[in-house]
There are 2 protein chains.
Amino acid sequence: MKQRTTLKDVAKEAGVSVTMASRVLGNYGYFSEETKSKVLKAAEKLNYRPNIIARGLRVRETKAIGVIISDVLSFFFTTLVRGIEDVANQSGYSVILCNSDEDPKKERSYLSALYERGVDGLIVSPSTGNYSYLKKLSRGGMPLVLVDRKIRGLAVPTVIVDNEAGSYEAVNYLISSGHRRIGIITGLKGVMTSEERLAGYKRALKENGLPVDEKLIKEGDYRREKAKEAALEFLRMKNPPTALFVCNEPMTSGALLALREKKVKIPEQMAIIGFDDPVWAPLTEPALSTVSQPSYAMGTLACQTLLKEIRQTGCTKISPEDIILKPKLIIRESSGERP
Amino acid sequence: MKQRTTLKDVAKEAGVSVTMASRVLGNYGYFSEETKSKVLKAAEKLNYRPNIIARGLRVRETKAIGVIISDVLSFFFTTLVRGIEDVANQSGYSVILCNSDEDPKKERSYLSALYERGVDGLIVSPSTGNYSYLKKLSRGGMPLVLVDRKIRGLAVPTVIVDNEAGSYEAVNYLISSGHRRIGIITGLKGVMTSEERLAGYKRALKENGLPVDEKLIKEGDYRREKAKEAALEFLRMKNPPTALFVCNEPMTSGALLALREKKVKIPEQMAIIGFDDPVWAPLTEPALSTVSQPSYAMGTLACQTLLKEIRQTGCTKISPEDIILKPKLIIRESSGERP
DNA sequence: TTGTAAGCGTTATCAT
DNA sequence: ATGATAACGCTTACAA
């Protein structure tokens with residue numbers, strides 16, 4: 001790349017020292033009106049743009065934050081990322097985005113890369129497996145905010161949703177609509193949200209005096225394919241469930257695909273509620289009932305929290321509190337009518 | 001943030017000079033086996049990680065690329081971005097993502113920010129209005145690849161799809177199914193893809209001897225809301241079209257929402273084909289026919305091309321060729337059956 | 001008010 | 001094979 005204009009060039013053009021040029025452009029310290037105008041004119045003329053990398057080296061900040069999520073392709077994370085970026089960019093921070101695909105190795109390598117890049121902070125939706133490295137980073141002073149998923153024993157601000165409650169509400173709705181055999185396709189094993197959503201399912205059953213039938217619990221991995229398989233398996237059962245609760249959006253699309261393939265009538269033969277409320281939920285036939293997470297708000301909150309953390313580094317930290325948002329059950333048509 | 005371990009620390013620990021430590025860790029130049037093992041041991045012990053910002057200052061590269069698109073929230077760009085990131089990260093580059101929202105001011109400010117950040121290259125899906133600045137950047141030596149949208153007079157590699165052909169094929173299909181009045185909701189005015197998709201629509205009409213009726217052309221802005229309005233307007237016409245061609249995914253969801261609200265039977269009362277093939281296309285009722293763009297491949301290609309450009313900087317450049325991919329018409333149910 | 005010089009963490013040059 | 005030393009572009013004591 002062609003030689004950029006540097007402060008030195010500006011200083012020379014203006015006939016002042018590099019220091020003075022820096023002062024004027026950075027607008028700090030003392031300088032005369034005359035110097036100011038000379039420097040500004042020179043900067044303008046040479047089309048000077050500061051090199052924030054060089055500045056960063058000096059002041060030890062990069063004005064960049066790293067974001068690690070499992071996959072931008074899923075609606076929840078896309079929206080979350082958009083929220084993060086909007087806040088970050090408004091405050092002059094750039095966002096470096098990484099997809100871990102739930103792979104701890106990939107996640108680990110991104111964490112290292114972001115650390116080497118000297119990001120000022122990190123927003124992570126942790127997969128399973130790098131807890132100790134995350135702890136090390138955090139203790140080492142790296143501002144860190146977790147989002148969507150909490151890590152026990154890691155005292156950093158965490159923005160989550162009350163998964164258990166969301167799940168409970170959905171399943172409870174199905175039960176109150178008369179369903180007695182409700183299947184669930186769970187998320188990736190070992191991930192907090194999966195466990196919580198499953199827990200809400202179980203609690204709803206129990207509180208309504210229904211048995212927890214292990215055959216009605218199929219393990220998914222938060223991806224579409226496996227969920228489609230799981231749905232097909234449900235359909236092959238001699239005594240299939242009459243309703244399905246699916247724990248995230250990609251899996252819900254998989255389940256819907258399976259039902260459609262098998263020409264299962266929704267909600268008559270199979271009612272369904274999915275976690276996450278993508279734009280397309282009102283467009284399926286029948287329109288999909290969902291548990292909606294405030295994903296954009298989660299992004300903005302996470303980023304605001306991170307920026308606070310970054311400003312606070314060095315200060316004595318108050319022990320961080322989790323920010324827990326409420327998901328919302330949105331009843332459309334796929335869940336069937338209440339009798 | 002706590003003091004990071006630097007090369008100096010490693011050198012001291014190993015009892016060698018900083019230079020030697022750098023040589024071993026960077027694996028260049030000469031060093032003895034003994035030095036090597038001492039340095040490696042020290043680095044390991046102190047948990048040394050290079051500071052790529054500092055390195056970047058010295059070698060004038062940041063191993064980061066900037067990506068500016070209009071909005072990650074739309075399926076096409078989400079997938080494109082995923083393609084870019086996969087390639088970039090495999091090659092050790094980080095991706096800085098920015099959403100311009102089709103706003104030239106925002107785009108401009110991101111371009112500046114990325115330049116100041118010293119990114120090694122840029123992948124841009126340009127909105128309208130910063131052509132001259134982009135040209136300046138490119139002429140100034142910034143490796144640049146355009147994606148999805150071409151800029152006339154800017155000779156940089158561009159990865160696009162044959163929009164005109166995709167559009168032509170879709171509209172032609174509708175005509176051959178017996179439709180004579182076909183409405184179109186176009187994209188944002190001034191954007192290349194909008195014009196090309198409209199051109200394909202017009203050509204299909206003309207080649208089939210049908211008139212181009214301006215009342216059947218409604219201007220959208222690539223967003224959902226305005227497209228929904230446009231669809232409603234179509235429905236209010238005394239002589240509404242019998243088929244609709246909608247020029248991107250968010251707008252298609254808007255149109256579908258409108259049709260559903262008004263309980264319009266698809267495809268009987270209104271056939272519809274949308275540009276872009278999101279995951280949810282097979283899930284609507286009836287399943288949505290679409291023009292599918294290879295968005296992931298566009299992302300990987302764009303990034304591969306950019307990396308090539310980056311490696312070539314300085315060399316005499318061969319004049320770049322556009323990479324033009326073919327969109328694919330996917331017929332499902334919403335387009336109606338051929339008679 | 002202004003300028004000199006040191007330093008941020010690397011790598012490249014040049015002696016040794 | 002090794003190590004001073006300078007340089008990358010910027011900020012910031014400190015001195016003038």
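Numbered from 1 within each chain, the chains take letters A, B, ... in sequence-line order.
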Practice item. For a side-chain contact (heavy atoms from CB on, under 4.5 Å) with F77(A), tell me which candidate from V67(A), V72(A), D148(A) qualifies. Key: D148(A)
Find the distance [X]:[atom1] to [N]:[atom2] and express it as a whole number of Å.
X	N	atom1	atom2	answer
I52(B)	dT10(C)	CD1	P	11 Å
Y28(A)	dT2(C)	OH	C1'	13 Å
L57(A)	dG7(C)	CG	P	14 Å
N51(A)	dA7(D)	CG	C1'	14 Å
E116(A)	dG9(C)	CD	C1'	13 Å
F31(A)	dT11(D)	CZ	P	13 Å
Y30(A)	dA16(D)	OH	P	19 Å
R55(A)	dC8(D)	CZ	C1'	16 Å

Would you please say whether a donor-acceptor pair under 3.5 Å links the side chains of [X] and [Y]?
X	Y	result
T35(B)	S32(B)	yes
N51(B)	E116(A)	no
D71(B)	Y222(B)	no

Go through the N and O atoms of the side chain of [X] and the base of [N], and report whether any donor-acceptor pair is under 3.5 Å.
X	N	answer
S22(B)	dA12(C)	no
T35(B)	dT2(D)	no
R23(B)	dG3(D)	yes

**Study point:** Candidate nucleotides dT1(C), dT4(C), dT13(C), ranked by approach to the side chain of T19(B) - the nearest
**Key:** dT13(C)
Revision key, fill the gap. Which of dT4(C), dT10(C), dA6(C) is nearest the side chain of S17(A)? It is dT4(C)
Review point. Do R23(A) and Y30(A) meet the cation-pi criteria used here (NZ or CZ under 6.0 Å from the six-membered ring centre, within 45° of the axis)?
Key: no
Exercise for review: Mark yes or no: R4(A) above the aromatic ring of Y115(B), with NZ or CZ under 6.0 Å from the six-membered ring centre and no more than 45 degrees from the axis.
Suggested key: yes
Review point. Hey, does the side chain of R60(B) come within less than 4.0 Å of dG9(D)'s phosphate (OP1/OP2), counting only N and O?
Key: yes
Review point. Which residue lies toward the 5' end of DNA chain D, R58(B) or S32(B), if each is placed at its nearest nucleotide?
Key: S32(B)
Practice item. Specify the residue among E33(B) and V59(B) whose closest nucleotide of DNA chain D lies further upstream toward the 5′ end. Key: E33(B)
May I have the list of side-chain donor-acceptor pairs in residues 40-48 of chain B shorter than 3.5 Å, sequence neighbours left out?
from	atom 1	to	atom 2	distance (Å)
K45(B)	NZ	E13(B)	OE2	2.9

Review point. How bent is the helix from dT1(C)-dA16(D) to dT16(C)-dA1(D), comparing axes over its five end pairs at each side, to the nearest 10°?
Key: 50°
